[in-house]
Amino acid sequence: VTSQIWSAVLAAGQEWAAAPVPVSYSAPWRSAYAPRARGLALWAQHVLARYGTLAQEPMLTGFRAALIARPVQHGELLESAEGRAWQESAQRARAAITLLAAALRSELPGMPMLPVPHVVQGSPWTTRDYTLRVPWPRELRTGAGRTDPILIRAAQVLEAPVRAMRLGVLPSPSLAGLRGALAAEPLRTKAEDQLGALSAKDRANLSELSRELRMRLTQDAVTRTAGDDPADRLRLREQLVARALLDERFGSRLSAWRETFSLLDNALRVLQQIVVFGGALALPGEVREADFRADGSGTRARIVLNTENPFAVRSGWAVLVNAAAVPDAIVVESLSANQPVNGEPWRMVVEGPLLADSGTVLRSSAVPGELPAPSSPKRRSRGLSSRTSPTFVNSDILPGLRKPGGAST
Amino acid sequence: VKIASLDSRAITERDEEEVACLLRMLVDSTVLAGSMADPIHVRPQGGYARASWLTAGGTERAVLVPARRGPLNAAVAVWGTLLRDALRPKTPGEFPLRAQTAGEGAERLVAHQTETQHELARMIADLIPAAARQTVLAALPPRGMEAVVYEDSAPAGADDRLHVAYTRIADVISAKAGPPPESRPVTQVRTLLSSILGKDPAAAAADALADALARETDGNWPR
C-alpha cells in the first residue's frame, strides 16, 4: 500500500465534506458531544451511545439510525421540519457512499463477472436484511472503465463538484484521482496477476463455491439457523462469507483480490470519517503496549492505551495514537475499556488492521478524540430486537431523490 | 505479571539476552516455546523498545513497550502475546443451529460443557507453566454444572425462547428440561441458552482461561 491512496482519500473526502449536503448531514454528528448539545445533536448523542455499531459507516449512520433508533431519546425531533430536511440529507449521504463504493468496487479486477463471495446474493454487501456494510446492489455492479456515470451521480447527489465539459460532465479530479490511486496500488496489480493465472478449473471451482454459499445465504436458510433476530442473521452472514474467503478454492487463488477489497472498504471508511467528522480520530494518552502480526501482505495491531476518555471511539473508525509507538492509523475492529480501581486512567484496548503508509497523510487532518463522556461507562450498544427488524432494500438508492444540479469546478 | 509492573529499569538493546532468558523461564515447559523460530531481538523505537521474533510459521511478530518499563515487563508482554495467539480461534466461528426444544437444548448443553472442559484442560496443560497450573486451576470456576433448560416466552414475541438456570458444581455436568426452578440461590445463573451454545467450546475455554489469568494477575492480563 502506498501513501498516494491516503492522499487521494483525503482529497476526495475533504471535497465532499465541503459540499452542501454533507455539511447539513454532518452537523448533528459533529456536535453530538459538544458540552451543550441541542436538537438533533442531542438525538445523535444518544444514538452513538446506544447504537454505537451503527457508526461503523458514518455516511450510512443517519439513514440506519432514523429507521432503527427513533425510540431513542429526542427521536421525535426527526419529525420536525428540521428533522425531515436532515433525513433527506441522510438519505443522500447513504446514496452517495453506496454509489461511490459501487464505482470503486466495479474497478476491481474481474468485475462484474467474477463470482467472489462478496457479491453472492445474501452476503453482508448484497443482503436486503439488516447489514452494517456499505451495500453493493446488483444494478450498481459494472466493469472497469465504465464507472464515470456512477461517480458523477454520487457527487451530484451531495451537490459536490463535478467537472463540467462542453459536451457533458466528468467526475471531479479528486474522485477520478481516488479511482486512479486505487488502480495504481501494487496490491491491485497483484490481484490482476492472480486473476490472470486462474485456470478454467479454478474458475469452475470459484463458481461452485459461489453456488454453495448462495444456498446457505438464502432467507430461509438463514432463518433456519439464526432465527429472526437481525443482529444474529447478520452475524451468520458475516461468518459464512468469512469461511468462504478462507476456502481453498478462493483463499489460495485470489488472496490479493480479497486484500484489495478490504483495502478499498477501509479507504471508504476513512473517507466517510473525513466527510462526517473531519478526519481520523487522534487519541491522546500513553501507549502501554502494542503488538503487531503479519496478516497477508498487511499488518494487524493490538494497542493498549491509557486514556482519560475512551468514549470517543467506535468500531470501524480509523484511529491514530502516539506516532512514536504506532505511526500509521488503525481501523478499530474491536475495542474494550475498563477503569482500574486505583484511580488510574482508563485502560483501552483496540485491535484491527493497520493502514500502511497512512500516518503522515491522516495526521494532517486528524480530529482530537478528547470528547466529554456522554454517558455511563457501563453503557453498551444494544442489540436489535426482532420487533425492530427493518428491511434494508439496497436497490432503492436512486428513486425518490430529487436530482440536484451539480456544482462545477 | 505483578512483579513486572514494578520493573522500572530502562530497557535497551543490551537487555536482549535478559529478555530472552526471562521469557524462556516463562514458556519452556509449554508449547509456546515452539511458537518462536528465532531468539528475541530488542531495538529502540522512539521512547519504546520493540521486541521482535519470527514465528514458527515464518512471519514476523513484534511487541512494543515503553522503554522505561524494564526487561521483565518486556518479557511478560511477549509472553502475553504468545498466549493470546494460542487462545485466538484459528478459523471464524460456526453459527450453531438453534435448539428447538428444551430437551434438545439440555442435551446440547451437556455436550457443549463437556467439550469446553476438555478444551480447557488441554489449554492448561499446553500453555501454562507447570509451576502455575494449580494456581490457575484454583482460579477457574468449578468444572461441573447442574442446569435446567426451560421455555420462557417473555419478552413477548422474542425469537429466542430457551433459557437456562444453572449452578456450578464440583465435577458432574448435567442438564434436564423442566420448569424454571422456583428457588433462586445466589449461586444460580439464569441466561439465554443461546448465549452459552452460541460460543464455540474452544472459544469458551479460551475465555475462561483468560478470565482466570486476569483474576490471578492485574485484572486484565493477558487480554
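So you know, we letter chains A, B, ... as the sequences are listed, proteins then strands, and number each from 1.
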May I ask you to check whether over 12 heavy atoms, not counting those of Glu13(B), lie within 6.0 Å of atom CD?
yes
Closer than 3.5 angstrom, by distance alone: can the side chain of Gln45(B) be matched with the main-chain N or O of Ala325(A) as a donor-acceptor pair?
yes
Quick check on Val287(A) against chain B: is it the side chain, the backbone, both or neither that has a heavy atom closer than 4.5 Å?
both
Heavy-atom cut-off 4.5 Å, strictly under: side chain, backbone, both or neither for Arg223(B) against chain A?
backbone
Atom CZ of Arg88(B) with >12 non-hydrogen neighbours under 6.0 angstrom
yes
Check: Gln239(A) side chain, Phe95(B) main-chain N or O, donor-acceptor pair, under 3.5 Å
yes
Whether over 12 other heavy atoms sit under 6.0 Å from Leu6(B) CG
yes
Should the heavy atoms of other residues, nucleotides or ligands under 6.0 Å from CD of Glu212(A) be counted, would the total exceed 12?
yes
Closest contact, heavy atoms only, Pro222(B) versus Arg302(A)
O-NH2, 3.8 Å
Side-chain contact test, heavy atoms from C-beta onward, threshold under 4.5 Å: evaluate it for Phe292(A) versus Glu60(B) and give yes or no.
no
Intermediate values then yes/no, salt bridge (Lys or Arg N to Asp or Glu O under 4.0 Å), Glu289(A) and Arg84(B)
CA-CA 14 Å; Glu289(A) 188 182 315; Arg84(B) 279 193 302 278; 3.7 Å; yes
Which atoms of Leu236(A) approach chain B - backbone, side chain, both or neither, heavy atom under 4.5 Å:
both
Rounded to the nearest 0.5 Å, what separation is found between the CG atom of Leu82(B) and the CG atom of Asp291(A)?
9.5 Å
Please check this pair: side chain of Arg293(A) against backbone of Ala62(B), looking for a donor-acceptor N/O pair closer than 3.5 Å.
no
Any salt bridge between Arg98(B) and Asp232(A), counting N to O under 4.0 Å?
yes
Select, from Ala74(B), Gly46(B), Ala77(B), the one with the greatest count of heavy-atom pairs under 4.5 Å involving chain A.
Ala77(B)
Is Asn220(B) close to Asn338(A) at the side-chain level, that is, under 4.5 Å between some pair of heavy atoms?
yes
Winner by heavy-atom pair count (cut-off under 4.5 Å) against chain B, out of Glu238(A), Arg288(A), Arg224(A):
Arg288(A)
